Structure formats: C-alpha cells, structure tokens
There are 2 protein chains.
Amino acid sequence: MKPRSRILKTASHLFHIQGYNSTGINQIIEEASVAKGSFYYNFKSKEEVCIAFLNARHAYWFESLKNYIELKKNEEQPILLAFDFLIEMNVKENFRGCSFLNILSEIPSDNSKILKVIQNHKKDLRQYIASLVNNNKVSDHIYLLFESSIIESQLYRGQWPIKKSKKIVKHLIQ
Amino acid sequence: MKPRSRILKTASHLFHIQGYNSTGINQIIEEASVAKGSFYYNFKSKEEVCIAFLNARHAYWFESLKNYIELKKNEEQPILLAFDFLIEMNVKENFRGCSFLNILSEIPSDNSKILKVIQNHKKDLRQYIASLVNNNKVSDHIYLLFESSIIESQLYRGQWPIKKSKKIVKHLIQ
DNA sequence: TAGTATTTTTAGACTAGTCTGTCTAAAAAT
DNA sequence: ATTTTTAGACAGACTAGTCTAAAAATACTA
C-alpha cells in the first residue's frame with residue numbers, strides 16, 4: 001500500500017472515530033507510518049485530506065447501502081431495508097453517526113468548499129431515497145425521518161429512533 | 001456585569017458561532033475583558049464552561065420557544081408554532097443549528113458528562129413536544145421531524161425542511 | 001461609621017504541550 | 001533522470017492550565 005492510500009485510510013479512520021479537529025497531522029502520519037514530507041507531497045493541506053476522506057466515505061457508504069439492499073431485497077422492501085442498514089452500521093461503527101453531519105458541526109460556517117461536499121452527499125441520499133420509494137408525495141418525508149434516525153440514534157446511543165422511523169415509513173408506503 | 005457572567009456570555013456566543021474546539025480560553029478572556037486568573041477562579045476548566053453554556057442555552061431556548069408559542073397561540077396550533085419558531089431562530093442565528101447537536105459532534109464519544117447534558121436537553125424537548133400534541137401515537141414522529149428540520153435547514157442553509165415538516169405535521173394531527 | 005478580614009479580580013509571566021506547515025538532504029523507487 | 005519517500009529539525013503560532021503578587025471589592029465586626 002502506497003503512502004497516499006495509507007494516509008487516507010488512517011485519516012479516514014481517525015476523522016471518523018475522533019472527529020476532524022481532534023485529529024492532528026502528526027497522529028495521522030505516525031499511525032500511517034509515513035513521513036511528514038510524503039503527507040505534504042500527496043496532499044497540499046489537512047483540508048484536502050478531509051475532502052478526500054468525505055469523497056471516499058461517500059463512495060463507501062453508498063456502495064454498502066446498495067449492496068445491503070441488493071442482497072436482501074427478497075426479504076423486505078428496499079426502503080425499509082435502508083433503515084435496517086442504519087442499524088447494522090451503528091453496530092459496526094459504535095453509534096458514531098454520520099461523518100458528514102459530524103464534520104458539518106466542526107467546520108467554520110464559511111467553509112463553502114467542505115460544505116458543498118457535504119450538501120452533495122445529502123442531495124444524493126435524498127435522490128436515492130426518492131428513487132427507492134417512487135412516490136414523491138412521501139419521499140422527502142422519509143428522507144427527513146432517515147436523517148433523524150441517524151442523528152438521534154447517535155445521540156441516545158440506541159436503535160429505537162431507527163426502529164420507530166422504520167415503523168412509520170412502513171405505514172407511509174402502504 | 002461581573003466577570004463570571006461576562007465569561008459565560010462571551011463563551012456562549014463564541015461556542016455558538018465558532019464551535020467548542022475552535023474557541024480558545026485566551027479568546028474568551030480577551031473578548032470578555034477578564035483576567036485569566038478570574039477565569040480559573042470562577043470555572044475549574046473549559047469543560048465546566050461548556051456545561052454552564054449548555055445549561056444556559058437550554059434555559060434560554062426553552063423559554064424563547066414557550067414565549068413564542070404563548071404569544072401566538074391564537075393564530076395557530078402550538079405544535080405548528082414550534083416549527084415557525086425554528087424558522088425565526090434560523091433567521092436570528094444565521095442557520096447555526098442546534099448547539100447541543102453541534103457540540104455532540106465535537107466531543108470525544110466517551111465524554112459522558114457533556115453527553116448527559118445533551119441527552120437531557122433532547123429528552124426535555126421530546127417530552128415537551130409530547131405535551132403539546134397530546135397524542136402519543138404521533139408525538140415521537142413529530143419529534144423526529146422537528147429534529148430533522150433543525151439539522152437539515154442548517155445543512156442546506158434554507159428553511160424548506162422546516163416548512164416541509166410543518167406541512168406533514170399539519171396533516172398528522174388532524 | 002471605621003477598621004479589619006476575606007473574597008475576588010487584576011496583569012501577565014510561565015509551563016509543557018499541541019497545532020499546521022516548511023525545509024533540507026539523502027535514500028529509494030520508478 | 002525523474003519522481004517519490006524518508007527522517008527529522010524547525011518555525012510560528014496556538015492550546016489549557018498554573019502561579020505570583022498586588023489591587024480592588026466585599027463582608028464582618030467593634
């Protein structure tokens with residue numbers, strides 16, 4: 001594995017479990033076993049690593065979600081499976097919530113570069129949910145419940161908001 | 001105004017517009033025109049200021065909300081006014097979202113002291129919404145939409161998620 | 001009301017550490 | 001021959017928190 005990948009992998013892990021501001025470059029390069037020179041050879045700043053992380057996370061998260069739904073689409077309706085996916089992610093990632101929303105809270109509100117990446121991720125999610133439910137009367141409603149599910153389960157460190165939302169959505173789509 | 005109040009007022013303002021981690025003690029004491037000794041005479045750590053801020057914010061936010069509803073209860077149903085209150089707060093505070101959720105994203109996930117303050121704030125909100133709607137079949141549903149409204153309007157820097165949620169809630173309660 | 005004791009606030013030096021980012025110069029890989 | 005990576009020193013600025021010693025404010029008491 002080349003330095004660039006090691007940096008990105010380590011930074012992603014640290015940003016995700018510690019947060020962006022609490023993760024320093026020195027920690028990244030040490031845990032990635034990379035020289036500081038290589039860090040700044042491959043990335044021009046910490047912010048650029050952040051953006052690279054968000055892009056990678058975007059790809060990984062959507063792929064995982066789509067995979068999950070594809071795998072179980074015989075058992076339940078896709079949109080309901082999306083909520084099961086959240087439950088599974090919370091278990092796997094220990095209720096760390098949404099990387100995008102977490103970083104949104106950490107950056108100064110005038111950082112439009114990062115803000116745009118976050119907004120685009122959520123726009124894609126909103127659109128994807130719309131494509132799953134195929135009913136534009138309720139799709140934003142479901143999107144809002146989906147978002148709530150993520151944040152509230154992070155907040156309470158429990159799955160009840162997701163289960164509650166799923167139950168509501170079940171009624172909404174029938 | 002005594003030093004303690006000046007510190008709390010300044011810190012609250014800075015935490016709210018810059019975030020917790022991006023606000024240093026030196027900036028707080030300078031903008032509050034207070035000696036560093038006074039800071040540590042009145043608070044034993046930055047974390048304690050954070051908790052004091054959250055408690056003050058909790059009181060202020062709820063009082064504002066209840067005031068708003070009391071003032072306009074003849075025009076519309078209380079629970080719908082709660083959403084109008086969010087719109088007004090976004091205008092007043094420039095879409096900075098929820099201080100509690102913002103700080104939730106900034107603190108290490110093992111900081112149970114701060115986490116508890118945040119959880120209690122949201123528990124109170126959930127309960128208050130329940131008391132407004134007086135229908136435990138939909139009250140959590142509304143709570144989840146309320147939370148989404150705050151975060152998504154912060155994310156998109158726009159009021160549409162609140163307006164959308166309000167419309168949904170209007171149908172839910174009739 | 002005057003004098004004393006206690007609490008609070010002041011300015012600022014200081015510690016020991018953190019941060020992002022730059023730079024050099026050599027080694028390794030391509 | 002060029003690109004990439006290495007180790008690590010270094011800069012300049014920041015961090016939370018401690019400490020000193022004097023001044024100011026407050027409270028207590030005779």
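Everything quoted here is computed from the prediction, not taken from an experiment.
Distance, Leu14(A) CG to dC19(C) P: 12 Å, rounded to whole Å. Spacing between atom CZ of Phe43(B) and atom P of dT18(D) amounts to 15 Å, rounded to whole angstrom units. Whole-Å rounding puts the Glu30(B) CD to dT9(C) P distance at 19 Å. Atoms CD1 (Ile25(A)) and C1' (dC14(D)) sit 14 Å apart, rounded to a whole Å. Nucleotide dG21(C) holds its C1' atom 11 Å from the CD1 atom of Ile29(A), rounded to whole Å. Atom NZ in Lys44(B) sits about 16 Å away from atom P in dC19(D), given to the nearest Å. Rounding to whole angstrom units, OH of residue Tyr41(A) and P of dT4(D) are separated by 3 Å. Going from atom CD1 of Ile7(A) over to atom C1' of dT5(D) covers 10 Å, rounded to whole Å.
For the residue pair Gln154(A)/Asn102(A), the side-chain donor-acceptor check at 3.5 Å is satisfied. The closest side-chain donor-acceptor pair between Glu147(A) and Ser148(B), if any, does not fall under 3.5 angstrom. Counted by atom type alone, His141(B) and His141(A) present one or more donor-acceptor pairs between their side chains at under 3.5 Å.
As judged by a 4.0 angstrom heavy-atom cut-off over every strand, Gly37(B) is placed among the base-contacting residues. Nucleic acid contact class of Ser22(A) (heavy atoms, under 4.0 Å, all strands): none.
No donor-acceptor pair under 3.5 Å is formed between the side chain of Ser22(B) and the backbone N or O of Gly19(B).
Looking at the side chain of Ala35(A), the nearest of the listed nucleotides dT10(C), dG17(D), dT6(D) is dT6(D).
If you check distances only, the side chain of Lys36(B) does reach the base of dG17(D) with a donor-acceptor pair under 3.5 Å.
When the side-chain nitrogen and oxygen atoms of Tyr40(A) are compared with OP1 and OP2 of dG21(C), one or more of them lie within a distance under 4.0 Å. Between Ser38(A) and the phosphate of dT6(D), there is a side-chain N or O to OP1/OP2 separation shorter than 4.0 Å. At the phosphate of dT5(D), OP1 or OP2 sits under 4.0 Å from a side-chain N or O atom of Asn42(A). The shortest distance between the side-chain N/O atoms of Arg6(A) and the OP1/OP2 oxygens of dT4(D) is not below 4.0 Å.
Nearest-nucleotide mapping onto DNA chain D: of Lys2(B) and Lys46(B), the residue sitting toward the 5' end is Lys46(B). Between Tyr20(B) and Arg4(A), it is Arg4(A) whose nearest contact on DNA chain D lies nearer the 5' terminus.
When Watson-Crick and G-U wobble pairs are counted only if both distances are under 3.5 Å, dT2(D) pairs with dA29(C). The partner of dC14(D) is dG17(C), judged by Watson-Crick or G-U wobble contacts that both fall below 3.5 Å.
For Glu48(A), the CD atom is densely surrounded, since the number of other residues' heavy atoms within 6.0 Å is greater than 12.
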